[in-house]
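The structure appears right after this line, and notes come after that.
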Amino acid sequence: QMQLVESGGGLVQPGGSLRLSCVASESIANIDTMGWYRQAPGKQRELVATITTNGRTNYADSVKGRFTISRDNAKNTVYLQMNSLKPEDAAVYYCNSDGAWLKGDYIPVNYWGQGTQVTVSS
């Protein structure tokens, strides 16, 4: 079972930046989609950004132009660069791996990390 460990969260002022990292316990080269989700108190978990094996990215409208997702398969790591942070970005951010390709077959596995807290406040 893949383990995902997030880091990089913390307290930042509005307008500031953070870079989140998600390190997987095994290779992510064959993982179909790696993603970041977030959950604020009292709200449902929501998609922030995803990136596929071929580098196709998808962003929530609320973060487009401010956040950038990337993946380094050699390091088994996915990043989320967050710029121009707003108070409404405050949440626990979770890393997710969705689907794997094995010899051309799609394997419907899904794993979550334990999350990292992002607080945006002056």
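Computation of the quantities below employed the complete heavy-atom set of this structure, encompassing side-chain atoms and omitting hydrogens, waters and symmetry-equivalent molecules. Position 1 is the first residue of the sequence; numbering continues from there. Because the structure is a prediction, the values reported are computed rather than measured.
In this structure, Ile28 and Val78 have side chains that are in contact, with non-hydrogen atoms separated by less than 4.5 Å. Within the 4.5 Å cutoff, side-chain heavy atoms of Leu4 are placed close to those of Met34. The shortest side-chain heavy-atom distance between Thr119 and Val12 does not fall under the 4.5 Å cut-off. Taking the side chain as every heavy atom from C-beta outward, Pro87 and Pro14 approach each other to under 4.5 Å. For the pair Ile31 and Asp98, the minimum side-chain heavy-atom distance is 4.5 Å or more.
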Run the numbers on Phe67 and Leu85 for side chain to side chain contact (heavy atoms under 4.5 Å, CB included), then give the verdict. CA-CA 9 Å; Phe67 291 12; Leu85 282 161; 3.7 Å; yes
Going through the distances and angles, do Leu80 and Thr68 end up as a side chain to side chain contact (heavy atoms under 4.5 Å, CB included)? CA-CA 6 Å; Leu80 184 68; Thr68 302; over 6 Å; no
Can Gln13 and Val120 be said to form a side chain to side chain contact (heavy atoms under 4.5 Å, CB included), step by step? CA-CA 5 Å; Gln13 292 185 341; Val120 185; over 6 Å; no
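Annotation: the span from Leu11 atom CG to Gln117 atom CD amounts to 10.0 Å, rounded to 0.5 Å. Taking OG from Ser70 and CD from Gln81, the interatomic distance works out to 8.5 Å, rounded to the nearest 0.5 Å. A distance of 6.0 Å separates CD1 of Ile107 from CG of Asp105, quoted to the nearest 0.5 Å. One finds the CG atom of Asn76 at 5.0 Å from the OG atom of Ser27 (value rounded to the nearest 0.5 Å). For the atom pair Glu6 CD and Ser21 OG, the distance stands at 10.5 Å (nearest 0.5 Å). Taken to the nearest 0.5 Å, the CD1 atom of Ile51 stands 5.5 Å off from the CD1 atom of Ile69.
Among residues at least two apart or in separate chains, ring pair (Phe, Tyr, Trp, His ring centres under 6.0 Å) pairs with a member in residues 28-55 are Tyr37-Trp112. For residues 84-97, the pairs satisfying side-chain hydrogen bond (donor to acceptor under 3.5 Å, both in side chains) are Arg38-Asp89, Arg38-Tyr93, Arg66-Asp89, Asn96-Asn110, with sequence neighbours left out.
Closest approach of Arg71 to Asp32, counting heavy atoms only: NH1-O, 3.9 Å. The heavy-atom pair separating Lys64 from Tyr59 by the smallest distance is CE-O, 3.4 Å.
No donor-acceptor distance shorter than 3.5 angstrom exists from the side chain of Thr50 to the backbone of Gly35, with no hydrogens or angles considered.
Checking Asn58 against Arg56 by side-chain atom types alone, no donor-acceptor pair falls below 3.5 Å. Asp72 and Thr77 share no donor-acceptor pair across their side chains, judged by distance under 3.5 Å alone.
Both cation-pi conditions hold for Arg19 and Tyr79: the charged atom is under 6.0 angstrom from the six-membered ring centre and inside a 45 degree cone around its axis.
No chain of hydrophobic side-chain contacts below 4.5 Å, direct or via other Ile, Leu, Val, Met, Phe, Trp or Tyr residues, connects Val48 to Val23. By the criterion of side-chain heavy atoms lying less than 4.5 angstrom apart, applied directly or through intervening Ile, Leu, Val, Met, Phe, Trp or Tyr residues, Val92 is grouped together with Leu47 in one hydrophobic cluster.
Within 6.0 Å of atom CD in Gln114, 12 or fewer heavy atoms from other residues, nucleotides or ligands are found, so the atom counts as exposed in its surroundings.
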